[in-house]
2 protein chains.
Amino acid sequence: MNEHESSSALLKAAGLRATQPRLRVLSILEDSTYPLSVADIASMLKRPSVDQVTVYRTLETFVQAGIVQHLELHQGRSYFELATREHHHHLVCRSCGRVEDVEGCEMDSMEKKVVKKSKHFSTVSSHALEFFGDCKTCVQTR
Amino acid sequence: MNEHESSSALLKAAGLRATQPRLRVLSILEDSTYPLSVADIASMLKRPSVDQVTVYRTLETFVQAGIVQHLELHQGRSYFELATREHHHHLVCRSCGRVEDVEGCEMDSMEKKVVKKSKHFSTVSSHALEFFGDCKTCVQTR
DNA sequence: TAGCACTTGCAAACGGTTTGCAAGTGCTAT
DNA sequence: ATAGCACTTGCAAACCGTTTGCAAGTGCTA
Ligand SMILES: [Mn+2]
Ligand SMILES: [Mn+2]
Ligand SMILES: [Zn+2]
Ligand SMILES: [Zn+2]
């Protein structure tokens, strides 16, 4: 089974039609080593192009199906990456936007403390954590 | 020195003119126990009203002056709170948007680990951390 | 291979935020 | 106290990422 066939199977297993736009978006996400914005993905989809609206809808569909994770890294823009990875966070360059994975989350104990101390909440179901800095390239250029 | 005078002095110390809109926005932030959105603040400014654009510019000015902190709690909306507080994080209700402070940040050691493991970054200057859950009121209502 | 439901493209709407510009106001120097 | 200027404000409109409506297109099933 080649990769096209397996992607197709993945979509069908999720109850989704294996359409051209979906297969191509999935392939782009599989090839990327960092989270991508909708604009990133749309700009990689040429010949034939895929409408940006279709990219939005495809990603939303993938999120609902649990195939993709939606991230809010900075300034109100949405980023997406495959959900097949272990829970992790990101390190973002304030200057160029470069994103690097941060493995190893140690928030479990803190979440418990948060619940214990909270007045208005009895459960904490998730958290968002990003680190910010300037990447070596940007530090050098300055 | 009453509170109006001290607010006025605070602004002047930052090299800012103590205008009516600025004094009123500052007072609203001082009175709030949780971060406020621009819409929140604008809706509290009646008789006479203050244009939403002015609220945006005032908050941006305050952020530059280090008086106010800009938070991105969840997609598409900016929140602001006084920067005079100790570093802390927030617990946000996914259902109604209620926000509660979370005191006690334990990220220092994790930031060091992140830097040590990073390939492309040599410093981490800050982090954003929010916890999400459903507040007791929303859990009950469901 | 035909038919239908699901999916896509296009245009337009949306909502938070930013910008341009003329009118207004706080501050400083008289 | 007042005049003058720079800074600030209000209003209208632009901006930009995202969402929605609808007709045309396409994957899947029978
Ligand atoms: Mn990642
Ligand atoms: Mn707070
Ligand atoms: Zn985590
Ligand atoms: Zn912290």
Side-chain angles (χ1 to χ4, degrees), chain A residues 4-28 35-65 67-68 70-80 97, chain B residues 4-28 35-65 67-68 70-80 97:
Chain A
H4 176 99
E5 279 166 5
S6 70
S7 293
S8 191
L10 170 63
L11 293 180
K12 287 179 185 166
L16 302 173
R17 290 188 182 176
T19 67
Q20 287 308 314
R22 284 174 181 172
L23 289 168
R24 293 172 68 201
V25 169
L26 188 54
S27 159
I28 285 171
L36 299 173
S37 69
V38 172
D40 289 337
I41 295 169
S43 74
M44 294 178 196
L45 289 167
K46 300 297 177 194
R47 276 176 288 283
S49 71
V50 173
D51 195 285
Q52 189 140 309
V53 172
T54 299
V55 177
Y56 275 106
R57 292 199 264 229
T58 297
L59 290 167
E60 171 61 14
T61 299
F62 286 178
V63 168
Q64 296 305 1
I67 296 169
V68 158
H70 180 183
L71 308 175
E72 297 180 19
L73 296 183
H74 53 180
Q75 56 204 52
R77 257 227 222 18
S78 292
Y79 288 80
F80 299 85
Chain B
H4 176 100
E5 280 166 5
S6 69
S7 293
S8 192
L10 170 65
L11 294 180
K12 286 178 185 165
L16 302 173
R17 291 189 182 174
T19 67
Q20 286 309 313
R22 284 175 182 170
L23 289 168
R24 292 172 69 201
V25 168
L26 188 54
S27 158
I28 285 171
L36 299 173
S37 69
V38 172
D40 289 337
I41 295 169
S43 76
M44 295 177 195
L45 289 166
K46 300 298 180 196
R47 276 178 285 284
S49 71
V50 173
D51 195 284
Q52 188 142 312
V53 172
T54 298
V55 177
Y56 274 107
R57 294 199 263 228
T58 297
L59 290 167
E60 171 60 14
T61 299
F62 286 178
V63 169
Q64 296 305 359
I67 296 169
V68 157
H70 180 182
L71 308 174
E72 296 182 16
L73 295 183
H74 47 237
Q75 174 103 6
R77 247 204 206 57
S78 292
Y79 287 80
F80 300 86

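Here is how names work: the chains are called A, B, and so on, in the same order as the sequence lines, proteins then strands, and each is numbered from 1.
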Hey, what are the protein-to-nucleotides 28-30 of chain D N/O distances that come in under 3.5 Å?
unit_1: D:dC28; atom_1: OP1; unit_2: A:Ala18; atom_2: N; d: 3.0

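With rounding to the nearest 0.5 angstrom, the CG atom of B:Leu59 is 4.5 Å from the CD1 atom of B:Ile41. Between atom CD of residue A:Glu72 and atom OG of residue A:Ser78 there is a gap of 6.0 Å, rounded to the nearest 0.5 Å. Rounded to the nearest 0.5 Å, atoms CZ (A:Arg77) and CG (A:Leu71) are 14.0 Å apart.
In this structure, the side-chain contact (heavy atoms from CB on, under 4.5 Å) partners of A:Ala39, at least two apart in sequence or on a different chain, are A:Ser37. Judged as a ring pair (Phe, Tyr, Trp, His ring centres under 6.0 Å), and not counting sequence neighbours, B:Phe62 has no contacts.
Nearest heavy atoms, B:Pro35 versus B:Asp40: O-OD2, 4.5 Å.
A rotation axis mapping the C1' atoms of four pairs onto the next four is fitted at both ends of the helix from C:dT1-D:dA30 to C:dT30-D:dA1 over five pairs, and the angle between these axes is 30° to 10 degrees.
For residues 50-64 of chain B, the pairs satisfying side-chain hydrogen bond (donor to acceptor under 3.5 Å, both in side chains) are B:Glu60-B:Gln64, with sequence neighbours left out.
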Q: List the steps, then state whether side chain to side chain contact (heavy atoms under 4.5 Å, CB included) holds for B:Leu36 with B:Phe80.
A: CA-CA 5 Å; B:Leu36 299 173; B:Phe80 300 86; 5.9 Å; no
Q. Does the pair B:Ile67 and B:Leu11 meet the rule for a side chain to side chain contact (heavy atoms under 4.5 Å, CB included), with working shown?
A. CA-CA 9 Å; B:Ile67 296 169; B:Leu11 294 180; 4.0 Å; yes
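Within a heavy-atom distance below 4.0 Å of DNA chain D, the residues of residues 56-65 of chain A found are A:Tyr56, A:Arg57.
Boundaries of the chain A contact region on DNA chain C are C:dA5 to C:dA11, first to last in 5' to 3' order (nucleotide atom under 4.0 Å from a heavy atom).
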Pair up each side-chain donor or acceptor in residues 17-26 of chain B with any protein partner under 3.5 Å, not counting sequence neighbours, and list the distances.
unit_1: B:Thr19; atom_1: OG1; unit_2: B:Arg22; atom_2: N; d: 3.4
unit_1: B:Arg22; atom_1: NH1; unit_2: B:Arg17; atom_2: O; d: 3.2
unit_1: B:Arg24; atom_1: NH1; unit_2: B:Pro48; atom_2: O; d: 2.8
unit_1: B:Arg24; atom_1: NH2; unit_2: B:Lys46; atom_2: O; d: 3.2
unit_1: B:Arg24; atom_1: NH2; unit_2: B:Pro48; atom_2: O; d: 3.0

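Nearest-nucleotide positions on DNA chain D for B:Val53 and B:Gly15 put B:Gly15 closer to the 5' end.
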